[in-house]
Amino acid sequence: MAEEDKTQLFGDPEAVAALKPPYLVIVDGPHKGARFPLAEGQNTIGRLDECHIILDDQSVSRKHAALQFSAQGWSVQDLGSKNGTFVNGAPIEEAVVIGHKDLIRTGIYTLRLITQEIPAEEEMEVPLEEMAEWGTVMADEGGGEAGKKLEGDTGKMGVPPPEEGGPPPGKEITSPHSPLEEQDTGKEDAGVGLSAKFKWLPKARVWVLAAVLFAVVLAAGLYFYWEFVLSPPGKVPPKTPPVATQPSEPQAIPLGPPEPPKPKTIPVFLDCVANPFPAVVKFQEKELGKTPLKVNVELVPQESYEIEATFDMPELQEKYTDRLHFSVTPEQTVATLLFHAPIGTIKVAGLPRDVSFYLEGYFEYNKFQGKPVKVQNLVLNKPIYVPFGRYILELREPKPIGETGQFVESIIYRREFILQEDQPSYLLDVSEANLKEFPAEIRSLPLGADVFIDNVKLGQTPFVGNVPVGKHLLTLRKEGYFETTQEIATDINAPFKTEITLKTSPAGEKINAAKSLINQGLYEQALQILADALSLTPTPGETAETEYLLGTIYLRLQDFSKAQGYFEQAQTNESFKYWAKLGLANTLAEQQMMEQALIPLVEVLLNAKEEAILKEAHNTLRKISPLRSVVYIQSDPAGAVLYLNDKKLAQVTPVLLHDVGLGSYKIRLAKPGYQPLDLNINLTINQFNPVLAKLKPLPQ
């Protein structure tokens with residue numbers, strides 16, 4: 001009875017039929033008509049699963065033959081198989097070039113190389129004369145003696161020698177069901193049957209095989225006689241448990257190239273850290289946990305991976321996901337991954353009772369779609385994490401609607417702010433008293449106008465401060481400009497901002513026109529306009545500003561006498577006092593009167609508050625004393641004797657020391673009835689150092 005064929009073919013028959021050349025097709029043997037696609041390079045034929053063309057029969061060696069495509073075309077080579085490889089009926093020992101429709105014999109299979117599209121009947125056609133020349137094959141049982149090639153075989157298979165009447169002395173091989181496998185059937189005429197089945201073999205070889213079988217049978221008989229007949233009494237021969245035979249798994253003949261081997265992986269620790277607060281990490285569709293965490297995974301070196309961390313902001317019902325791409329080297333054992341989210345904080349330090357907290361956010365990553373939310377379960381001083389962006393914050397409290405008993409939430413506090421990288425936090429601290437006022441920011445063009453709320457002066461523009469909630473009358477007053485008034489009204493604590501352009505008087509208009517001409521260097525025209533301004537009955541402030549501008553023009557025209565006169569007149573007005581003194585210092589410095597110029601300059605440096613005046617004063621100091629420093633020493637009470645580096649000076653305080661080089665100086669102040677005072681100062685280039693010393697009286 002023939003052995004059961006365990007080979008099964010898998011795949012779509014339509015896909016197989018649609019296969020395009022080049023390919024191999026089985027034209028004789030099991031699974032006739034099966035096609036195998038060929039790839040460039042080497043295509044291995046054999047029984048092993050790693051072969052490109054798998055033929056599941058014991059007559060085929062594990063790696064039987066190789067079909068190679070190169071620049072010279074297709075070639076086939078035997079890989080040391082047991083039964084040999086034949087091309088068009090002839091055995092091959094080395095690589096042989098083959099072409100379209102050539103036949104290849106491996107074991108019981110005959111395959112044809114197809115490199116061009118031809119009809120199916122022509123593809124499967126096998127000449128009878130070719131089939132007559134094929135020899136039989138024996139089963140390759142893994143390299144045993146029965147699978148070796150018979151020695152002395154020459155010529156083509158199937159051609160009997162004249163003197164023997166049998167097959168030629170070629171590569172004679174047996175079929176898979178060899179008579180050697182039937183030696184244990186118990187037939188008494190086994191030797192006869194062997195001679196009958198091998199009647200075409202040389203007689204000497206038959207006798208050798210018969211002698212080997214006889215020796216095996218004799219040895220087996222002696223063993224059983226010793227074990228079961230001559231064994232001591234009571235010895236029970238061991239029972240051999242029956243071996244359950246399981247049917248072999250069906251072997252598939254693949255119809256395509258084999259799958260590439262899986263890449264080698266290495267174990268790597270992922271060290272995950274998140275900022276500004278812990279996040280949940282997900283990798284390869286699997287949640288790993290919450291940061292900070294270290295988890296070991298298997299990774300392929302140099303391959304790119306994506307990992308993500310999700311930041312949950314429950315107060316805003318918002319989530320942000322940060323994704324990273326990374327790879328590892330073959331030597332790497334730890335991959336450090338830092339996740340960062342554009343997230344800031346809102347901290348609430350204090351709130352009035354019975355108020356609701358509302359936020360509307362326009363996130364940095366979604367600026368055009370606002371997200372309003374009512375913050376629940378608020379905990380004071382606990383950070384609320386929110387994305388960077390612009391926010392509108394509102395506090396609301398319930399207010400009754402008439403006498404209906406119904407309530408509506410009314411806004412009592414409102415703020416707008418921005419959270420970003422350089423300003424990531426916002427502090428909210430609101431009390432009941434804060435709800436009774438609102439922040440106001442009032443500016444004027446030009447600045448310096450007096451600010452009145454309900455006829456009460458609060459300061460000068462730019463004004464920043466708190467104003468009581470309700471209706472108010474805002475008034476701005478500045479000399480040379482018309483008084484401006486407007487009503488402001490707000491019933492909630494919300495920022496109020498306004499910028500008011502002041503209208504000028506007739507003299508003020510002339511002054512502004514003269515300023516523009518001075519900036520252009522048109523001094524003569526400016527002098528004419530300023531003369532007109534003085535004839536329009538200007539206010540005291542407008543008069544002082546006109547005098548200061550006249551002094552500036554004459555200083556630039558090098559008319560120092562007139563410039564000094566106008567600056568001295570302008571300094572009598574408090575609004576232009578320090579600007580005029582600074583102009584006077586520059587006038588004296590232009591005349592190389594440096595010591596006299598330092599007196600008004602030091603007064604400006606000591607007493608002026610306006611930033612623009614102080615900046616201009618330091619520029620004047622660098623012009624007067626470019627490489628030396630100036631030291632002003634004043635004592636309380638005045639009249640103290642001054643020692644500089646233990647050298648007594650003739651002057652008593654206040655003393656102005658100029659042209660002082662850089663270095664360290666020791667100062668001693670002494671006055672009868674007071675304790676001496678010792679000081680140390682360090683001077684650099686072009687530095688103004690005021691020293692204001694208070695002397696202590698001697699104990700009585």
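Computation of the quantities below employed the complete heavy-atom set of this structure, encompassing side-chain atoms and omitting hydrogens, waters and symmetry-equivalent molecules. Along the sequence shown, residues carry numbers from 1.
Using a 4.5 Å heavy-atom threshold, the side chains of Thr44 and Gln42 count as touching. Residues Thr329 and Pro301 fail the side-chain proximity criterion, which asks for heavy atoms closer than 4.5 Å. Contact of the Leu111 side chain with the Val27 side chain is not registered, since no non-hydrogen atoms from C-beta on lie closer than 4.5 Å. For the pair Leu38 and Leu67, the minimum side-chain heavy-atom distance is below 4.5 Å. A heavy-atom distance below 4.5 Å is not found between the side chains of Val386 and Glu315.
Proximity of a side-chain donor or acceptor of Thr265 to a complementary backbone N or O of Val300 within less than 3.5 Å is not detected. Under a 3.5 Å cut-off, the side chain of His100 and the backbone N or O of Ile114 do not form any donor-acceptor pair. Under the 3.5 Å distance criterion, the side-chain polar atoms of His64 are matched with a main-chain donor or acceptor of Gly84. Between the Gln332 side chain and the Val334 main chain, a donor and an acceptor come within less than 3.5 Å of each other. Of the possible donor and acceptor atoms, none in the side chain of Ser75 sits under 3.5 Å from a partner among the backbone N and O of Val96. Between the side chain of Asn88 and the backbone N or O of Leu103, at least one donor-acceptor pair lies under 3.5 Å.
Side-chain atoms of Tyr362 and Glu360 include a donor-acceptor pair closer than 3.5 Å. Side chains of Glu123 and Tyr23: a donor-acceptor N/O pair is present below 3.5 angstrom, by distance only. Side chain to side chain, Ser81 and Asn83 fail the donor-acceptor criterion of an N or O pair below 3.5 Å.
In Phe326, the CZ atom is crowded: over 12 heavy atoms of neighbouring residues, nucleotides or ligands sit closer than 6.0 Å.
When all heavy atoms of Ala341 and Tyr320 are compared, the closest pair comes out as CB-CD2, 3.7 Å.
We find that Lys101 and Glu125 are not joined by a salt bridge, their nearest charged nitrogen and carboxylate oxygen being 4.0 Å or further apart.
In this structure, Phe277 has its ring center under 6.0 Å from that of Phe311.
Screening Val76, Ile104, Ile98 against Ile92 for a side-chain contact (heavy atoms from CB on, under 4.5 Å) leaves a single residue, Val76.
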